[in-house]
Structures are given as C-alpha cells and as structure tokens.
2 protein chains.
Amino acid sequence: MEYYKQHPRFLTAVDCVVFGYEAGELKLLLYPRAFEPVKGEWSLMGGFVRENESAEEAAHRVLCQTTGLDNIFLEQVYTFSNPTRESVERVISITYFALIRIDRYKRNNTDSFGAKWWPINELPPLIFDHNEVVAQSLRRLEQKAGSSLVGSELLPSRFTLLQLRKLYEAIYQRTFDPGNFRKKVLSLGVLEKLDQKNSTESKKGAYYYKVKPNRVEEELERIVKY
Amino acid sequence: MEYYKQHPRFLTAVDCVVFGYEAGELKLLLYPRAFEPVKGEWSLMGGFVRENESAEEAAHRVLCQTTGLDNIFLEQVYTFSNPTRESVERVISITYFALIRIDRYKRNNTDSFGAKWWPINELPPLIFDHNEVVAQSLRRLEQKAGSSLVGSELLPSRFTLLQLRKLYEAIYQRTFDPGNFRKKVLSLGVLEKLDQKNSTESKKGAYYYKVKPNRVEEELERIVKY
DNA sequence: ACAAAAGTGTTTTCTCTACACCCATGA
DNA sequence: TCATGGGTGTAGAGAAAACACTTTTGT
C-alpha cells in the first residue's frame, strides 16, 4: 500500500478531434483557447478529467458541452505525455477522435465558445502538439472508414450514394469510380434502400439509403484497400 | 493560470506487454506483482511515470530494468482510465507493447523479479484488467505484422524464411503456404539474402536473410490480408 | 438537345491460393 | 532410398479497376 504514496500525480486531460462533414468537405471543429497560456489561439476541444469519471466519459462530457450532442462516436487515438508539452504544468493528454453529424449539431452551444468548423485542408496553426494529434486522428479516420461505413456517423440519417461517395472522396483525398463504388458498397449488405428519392443533386433523382439498423458492429470487409 | 489549480491529479503508470518468440512459440513476459494489493499474482511489467520522463521513457526504463535491453521496439496501445480499475487509488495506465529478441535477453536481470516467459496460449489469470490489455496488444501485433516485417524485432539478426514463416504462423495462429509466403515476403524487397546457410533445420540448408538496413519505415504493403 | 448524375454491365488486370514439381541431403 | 524442407513455376478463383453504355430529367 505504501508503495503508491511515493509517486507523482499528474493533471489528466482529454482532447477531442471533432470531425464533421459539410458541403462536400471534411471539417474539424476548433475553438479559441479560453485561458492562459496561449489564450485565444486555436485549439482542440479539451478538458480535464474529473475525480470520478473515466477519460472516455470526460470526452463525452466535453463534447456535449460544446456541441449539444450526446451518443457521439468516439475512439481513443493516442496519449501524449511529454513532460514539457504544456508550459505551465505537466498535463497528460488522452486524445479521442469524434464523428459528428453537422445536421444535428446545435450551433448555439458552440457559438458561446467561439468554436468554428475548419476545412481539413485549411487548418490554422494549433497550440502545443495539437497539429500532430490531428494528423494521427486523420490516419485513424481513414482506417475506420476503410473497414466500416462511416456514413451513419457523418451524414444525415438518409443519404444518397453520391453523398456517401463524396464523403469518402473527402476523407481519402482521391476520387472513386462511381460505378465501382456503388457496387462495392452495396455488396457489403449493410445499406437499406428507401422509397424516397433525392432530386436536388441530379436531374434523374437518386434513391436514399440508410444504414441497416440490425447490422453487426464490424463489417470485416475492406471498403477501401490500403 | 489559475485555471489549472482546481483540477485533480492522478497516478500515471505504464504497463508493458512484452512479446518474445522462442521454440516456435509466441511468448509473453510476466512477473509476480511485488506489492499489495494482489501481491504475488501474475502481472504485466509496469511502473509509475516519474516527474521528468514521458510515458514512453518510463516504458523503456521499466523494460531495461527487467530485461537488460534498451533500444527495444515499443508501440503505444491504449490508455485505461476507469476510476475503479485499481482498488487502492485511481491509476491511469498507458499500455505499450514491446517486441523482444529473446536471444539477446539477459536472464539474470529478469530472474531477480521472478519473471517468466509464458506461451501466448497458456497464460495464467492476470491482475486487474491485464487480460484485456494483452488481448488488445495481440490484435495490434497482428496489425503491425501485417504491414511490416516484424522479423527484425523478434528474430535473431539472421534468419531463414522458414523461421520467419513459423513466426508468422505463431502470431496469426494459422499456417501459410511455404511457397506463397516466400514469394510474398521476397516481393516486398526489404530482405537481403546473405551468403551463409543454415543447415540445422533442413537437409538441404536454407539461406539466411536479414532486413535491409536502409529500408523505409513503413512498407505500405500487405503481408497478411485481413 | 444537352449535360449530368443514376444505374448496370463488361473487360482487363492483378493478387491470392492451391498445388505440382524438382533439388539437395542427412538419416 | 526416402522423408523433409528449399526453392520455382503454373493454373484457377476472385476482387479491383477501367470503362462502355443506357436511363432519366431539368435547363
């Protein structure tokens, strides 16, 4: 028991890399840091872990405060522990990436923090090592999108295959053959065709799809080879 | 500045999942816990993070103490932060997996801790959530082995393709076709054929290979499809 | 009429897999 | 000589990629 006493204790924070998708672009939610040091500079959503919550619970809490959303997809990415990564006091930072449906997102909550969605290719410089965190999270997002359909996390509940393809093109920064993408995705058997059609994006109109409710968690299939 | 003061601080530990390969089997290095609670039960190599070191440095320090080796391959796996995962006081645990070449390993260091190599299929019950940690690390090892040749980390500096294949069979718990495995691995272009032959494992004798020194870090190729 | 996306089908290319086969050699 | 691994080659299955083509409809 005594053994525990002699060791140091550290502040523990969570930082959330919040991805959203809007207007054909993958976006990141950033906000100006509210306190010193580097107050006012752009930063990831973050907060300290409290006495009786896990890091994951802390991340959910932070996201709920800043976006008004709960039940958000979260995945742990990496823990940064460099003793000098923050200047005032050592902070252990556990990072998560989150996928947000911007159509559900409550702007009012965010505005009070000054948060802003940034296109993934036009990010401002971030505080501390947050740029590295974002880069790692992007790689993880690509990995996740490659083995499970991230459409349900980033798109509205109904979406066309064009919308899904454009999302994948935004994530992977490349184009996909429309025909092949359609066949591949439908062959996974996790999408359900709806009766409604979307006529805003093409003359002919495209059927809406949604992710089947009773699908298994992991598809085990490759959507994008890498 | 004041903002920092009000938040709690936690003990921070590293736990190392140490893989080795010997006698055709993938093995895990475990040791009997040296202090209460659950003193004497089997546990991962672990230790607390000190004031002026990063978690990665702490993991290297722990490994050096217990195995006598430095410059070991380490990769961060996951951070466990459940407030009740340890019974005495809350501990944030950052886990790493390590790959050890048992041929280099110094037995004397380890014996003083009572450490023991366990075949991966015959692990004893571990303390706390360490069994889960091991399971996750195994998945990560499979992933790593799938996209980079782990031979250099787990095998002696010279190895035959039979030895490499047996290693992969131990990791993936399946067999690989000898001819196909050879072609696939050689096609990656990261192995260099040596002049020496190994005659202990076959009548004909097989050439030794080593990993090319100037290879790029990531191979970007799939060795094992998954 | 035309452009643009929807949707389907075909061809080519490539990789994985299974498996046949010869070689070398120690027991 | 026979069993065992070393090492090479080939044929078939299946997936990915390239791309041709037809449909629909707003402008």
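Any value given below was found using the heavy atoms of this structure, including those in side chains, with hydrogens, waters and symmetry copies removed. Proteins come first, then strands; the chains are lettered A, B, ... in the order of their sequence lines, and each starts at number 1.
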Worksheet, complete the sentence: Looking only at heavy atoms, the pair that brings B/R101 and B/S157 closest together is NH2-N, 3.3 Å

Practice prompt. Specify the separation, in whole Å, of atom NZ of A/K166 and atom P of C/dA5.
Written response: 7 Å

Worksheet item: Nearest-Å distance, CG (A/L164) to P (C/dA6)?
Response: 12 Å

Worksheet item: For atom NZ of B/K27, is the number of surrounding heavy atoms from other residues, nucleotides or ligands below 6.0 Å larger than 12?
Response: yes

Item to complete: Rounded off to whole Å, could you give me the CD-to-C1' distance for the A/E201 and C/dA4 pair?
Response: 12 Å

Worksheet item: Does the C/dA18 base have a donor-acceptor partner in the side chain of B/N180 within less than 3.5 Å?
Response: yes

Discussion item. Would you say the rings of B/F80 and B/Y78 are close, in the sense that their centroids are separated by under 6.0 Å?
Written reply: yes

Worksheet item: Between A/Y172 (OH) and D/dA17 (P), how many Å, whole number?
Response: 12 Å

Worksheet entry | Protein-nucleotide distance (A/L186, atom CG; C/dA6, atom P), rounded to Å | 12 Å

Item to complete: Evaluate salt bridge (Lys or Arg N to Asp or Glu O under 4.0 Å) for B/R165 paired with B/E169, printing each intermediate quantity in order.
Response: CA-CA 6 Å; B/R165 176 164 58 84; B/E169 294 184 342; 3.2 Å; yes

Worksheet item: So does B/K204 reach the base of C/dA24 with its side chain, donor to acceptor, closer than 3.5 Å?
Response: no

Worksheet entry | B/Y209 OH - D/dG6 C1' separation (whole Å) | 10 Å

Worksheet entry | Other residues, nucleotides, ligands: >12 heavy atoms within 6.0 Å of A/R158 CZ | no

Worksheet, complete the sentence: Atom CG of A/N198 and atom C1' of D/dT25 are separated, to the nearest Å, by 14 Å

Worksheet item: So which nucleotide from D/dT25, C/dT25, D/dG6 ends up closest to the side chain of B/K203?
Response: C/dT25

Practice prompt. Kindly indicate whether the side chain of A/K183 and the base of C/dG7 share any N or O donor-acceptor pair separated by less than 3.5 Å?
Written response: no

Worksheet item: Which whole-number value in Å describes the distance from B/L162 CG to D/dG7 P?
Response: 10 Å

Fill in: Given C/dA18, D/dA16, D/dG6, the nucleotide with the shortest approach to the side chain of B/D177
C/dA18

Practice prompt. Among the candidates D/dG7, C/dT25, C/dG7, find the nucleotide nearest to the side-chain atoms of A/R182.
Written response: C/dG7

Discussion item. Go nucleotide by nucleotide along DNA chain C from the 5' end; which of A/Y207 and B/S199 gets its closest nucleotide reached first?
Written reply: A/Y207

